[in-house]
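To keep things clear, I will list the structure first and then write my remarks on it.
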2 protein chains.
Amino acid sequence: MRLASPTIVEVAQRAGVSISTVSRCLNHPDKVGKKTLQRVRKVIDEVNFSPNALAQSFRRGKTNIILVVVHEIGSGLLSEVVGGIRSVLDGRYAVILTESRPDAAQPANFIEMLVAKQVEGVILLCSVPPFSRKIIELNKARNLPIVIGLEPLSDELRKLPSVHIDNFAAASEATAYLIGLGHHRIAFVSGPRQSYVTLDRERGFMAAMADAGLDGSHVHYADLSVNGGINAANDILTGAPPSAIFCANDDMALGVMSAAARRGLAIPGALSVLGFDDMRYAAIANPPLSTVAQPAREIGIHAARRLLDAIDNPDEPGRQTEILQHRLVIRSSTGRGPG
Amino acid sequence: MRLASPTIVEVAQRAGVSISTVSRCLNHPDKVGKKTLQRVRKVIDEVNFSPNALAQSFRRGKTNIILVVVHEIGSGLLSEVVGGIRSVLDGRYAVILTESRPDAAQPANFIEMLVAKQVEGVILLCSVPPFSRKIIELNKARNLPIVIGLEPLSDELRKLPSVHIDNFAAASEATAYLIGLGHHRIAFVSGPRQSYVTLDRERGFMAAMADAGLDGSHVHYADLSVNGGINAANDILTGAPPSAIFCANDDMALGVMSAAARRGLAIPGALSVLGFDDMRYAAIANPPLSTVAQPAREIGIHAARRLLDAIDNPDEPGRQTEILQHRLVIRSSTGRGPG
DNA sequence: GCAATATGTGAAAACGTTGCCATTCACAAG
DNA sequence: CTTGTGAATGGCAACGTTTTCACATATTGC
């Protein structure tokens, strides 16, 4: 009993007018006679008509949909960014999200393309290479407006407008803070090497260590997850442990804290832990996690504005990367070091 | 310099064939002569043609897009559920997400409708009433397949297929566990009253208390957020505090733990805290949070399968609500009570 | 009361595909 | 040589809308 939706034609017939008139009632009601309008609207209500969005989009060549690509939705930070994006776009565009984490990998990618073409712009909040490469192609081939948020990307992507913090500077400031606290042996838990965000943070760490004449080679690699942090901590804390561990994100820092707690290590007494991102649970960790905060909502807002720019002026490239301010948030997981 | 995308017509001309043939090359290549196919494919490559997805969907009346509605993306639990959904749907459908949390409220809703109509099915993972009501209308009016996941919904929604745990039973078991531990004064931190999930949990708590002949009226209301938990805890812990607090979700439980820690209350020594959901950070809280786990991924998988069913057999209602197993996860935030 | 101008309306052409049907052609069977 | 068969291809309508253009009618200014 799938009843076919009524079309504009049916409305026209019932109201005894032409389809043009019905269309006008929908889109330019001021250009329609008063009583005609009334009659048509009545019929529209009666048959519960609403225009076929597919046909509309097709005809207009416009979908009013913006796609936001995230790697995985379960992150408070992303939630903030998306909130910022929506605060700008809502009303003008429907914001839909897609995850780039692969599940059935191959065919999915293909379908993403399909999605992408029904979309008027994309905000990329992730940098997984195979996926972003596809997106770039689309940008080139179809002239699809794209803005990168949160992540500075590989060199080929740097031509695209992007909005993020200065990860290098942030990490090196944070490291300097740790050094100022008297820590000399500091380990850094980095993320996957393809990620330019964590790479920048890693380099910031090493630069700050070098500046202070300290050994910045104590770098471990994990996968940015809590478990990654736990494993890294277990590695790091055997043998001669450092007095501080700086993590490329909060999830790993939380993992490190958990592993340290399990080993009976007092934080920050025996070990200082510093995170990155200031995600939602950082403040209520036990002890509350020191971290460097990204202005997530702001990033979303700016990215959305840039996208709007790009859509409205498809021809001019616009200024490229936009750097927002980070902020070192000192809570209780960091304390004085031995030195 | 927005260059118009080439259409099938252009390809046809360049290849010296009819557009039907080009279309066939795309959709039924076996029905095309070998050398024609080759020639057409060459041209397609040359001009970098790919069919206009909007036109295709319009023509076919099929978009191959499934919409998943979540209240807000920043939750590990949802991430799991979505993972499950995608493991079933990827390849057959593109899965896109939308948040129901309002930002620019009114106009947004309107646009959601637009989105909804380009979509072949919806999985609702949230129950915010104004939004879900809209969805229901769509279901009725357009016969749009819908499945509810994670949340049992209001009576009017109970007609829709849904997949979730037995929140009443789970909460009452968890409460019984607390009682068995020797707790007599137990507070419950509930969520907003419109939410049927938290309502069920609340009722489960009260029933278990009543069964044990205890006072189950110690119920506080918060908004399911960490801060809500903190505030609730501050209320509860002044005066004559209970020996255990059971929260309707983990976020609030984490908030309660944080507030308790700030007050110098030992957990579980002075206060036991029990959460609900087993979200990602529950296991690494300090101390690790006892909670009741939902089989999130399973819920996603089942919901997706139900949706597929509903799409394939639009006429039969199919069996209605499907109950999956919960599991009490005992970690270190709960301990023996005074009694 | 007549031209000039608004105002409201309808006919029809698009938008880019797909798929049915008809056509052509080659080739095998009679 | 005719007829029948199958494969390969082209023509064309259709999907539901929006929009341009032209037409008819109503309104205004003399």
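Reminder, nothing fancy here: chain letters follow the sequence lines and each chain counts from 1.
Separating the NZ atom of A/Lys31 from the P atom of C/dA6 is a distance of 13 Å, rounded to the nearest angstrom. In this structure, the CD1 atom of A/Ile44 is 10 Å from the P atom of D/dT17, given to the nearest Å. The distance from atom NZ of A/Lys62 to atom P of D/dT19 is 12 Å, rounded to the nearest whole Å. Going from atom CG of B/Leu54 over to atom C1' of C/dC15 covers 10 Å, rounded to whole Å. Nucleotide D/dG11 holds its C1' atom 15 Å from the CD atom of B/Gln13, rounded to whole Å. Between the NZ atom of A/Lys34 and the P atom of D/dA26 there is a distance of 18 Å, rounded to whole Å. As rounded to whole Å, 13 Å separates atom P of D/dC15 from atom CD of A/Glu10.
For the pair B/Val163/B/Ile148, no side-chain contact is recorded, criterion being any heavy-atom separation below 4.5 Å from C-beta on. A heavy-atom distance below 4.5 Å is not found between the side chains of A/Ser23 and A/His28. The shortest distance between side-chain heavy atoms of A/Leu125 and A/Glu151 does not fall below 4.5 Å. Considering only heavy atoms from C-beta on, A/Val17 stays 4.5 Å or farther from A/Val11 through its side chain.
More than 12 heavy atoms of other residues, nucleotides or ligands lie within 6.0 Å of CZ in A/Arg39, so this atom counts as buried by the packing criterion. Atom NZ of B/Lys42 is surrounded by 12 or fewer heavy atoms from other residues, nucleotides or ligands within 6.0 Å.
In this pair, B/Phe58 lays its aromatic ring flat on the base of D/dC15, centres within 5.5 Å and planes under 30 degrees apart.
Between A/Ser18 and the phosphate of C/dT9, there is no side-chain N or O to OP1/OP2 separation shorter than 4.0 Å.
Between the side chain of B/Glu80 and the backbone N or O of B/Arg297, no donor-acceptor pair lies under 3.5 Å. The main-chain N or O of B/Ala53 is found under 3.5 Å from a side-chain atom of B/Ser57 such that the two form a donor-acceptor pair.
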Distances for protein N/O vs nucleotides 17-21 of chain C N/O pairs under 3.5 angstrom?
{"residue": "C/dT17", "atom": "OP1", "partner": "B/Asn52", "partner atom": "N", "Å": "3.0"}
{"residue": "C/dT17", "atom": "OP2", "partner": "B/Ile8", "partner atom": "N", "Å": "2.8"}
{"residue": "C/dT18", "atom": "OP1", "partner": "B/Asn27", "partner atom": "ND2", "Å": "3.2"}
{"residue": "C/dT18", "atom": "OP1", "partner": "B/Gln56", "partner atom": "NE2", "Å": "2.9"}
{"residue": "C/dT18", "atom": "OP2", "partner": "B/Ser23", "partner atom": "OG", "Å": "3.0"}
{"residue": "C/dT18", "atom": "OP2", "partner": "B/Asn27", "partner atom": "ND2", "Å": "3.3"}
{"residue": "C/dT18", "atom": "O2", "partner": "B/Arg59", "partner atom": "NH1", "Å": "2.1"}
{"residue": "C/dG19", "atom": "OP2", "partner": "B/His28", "partner atom": "NE2", "Å": "3.4"}
{"residue": "C/dG19", "atom": "O6", "partner": "B/Ser20", "partner atom": "OG", "Å": "3.4"}

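Recorded end-axis angle for the helix from C/dG1-D/dC30 to C/dG30-D/dC1 stands at 50°, based on five pairs per end and rounded to 10 degrees.
Listed by first and then second residue, the salt bridge (charged side-chain N to carboxylate O under 4.0 Å, His left out) pairs involving residues 68-78 of chain A are A/Glu72-B/Arg280 (not counting sequence neighbours).
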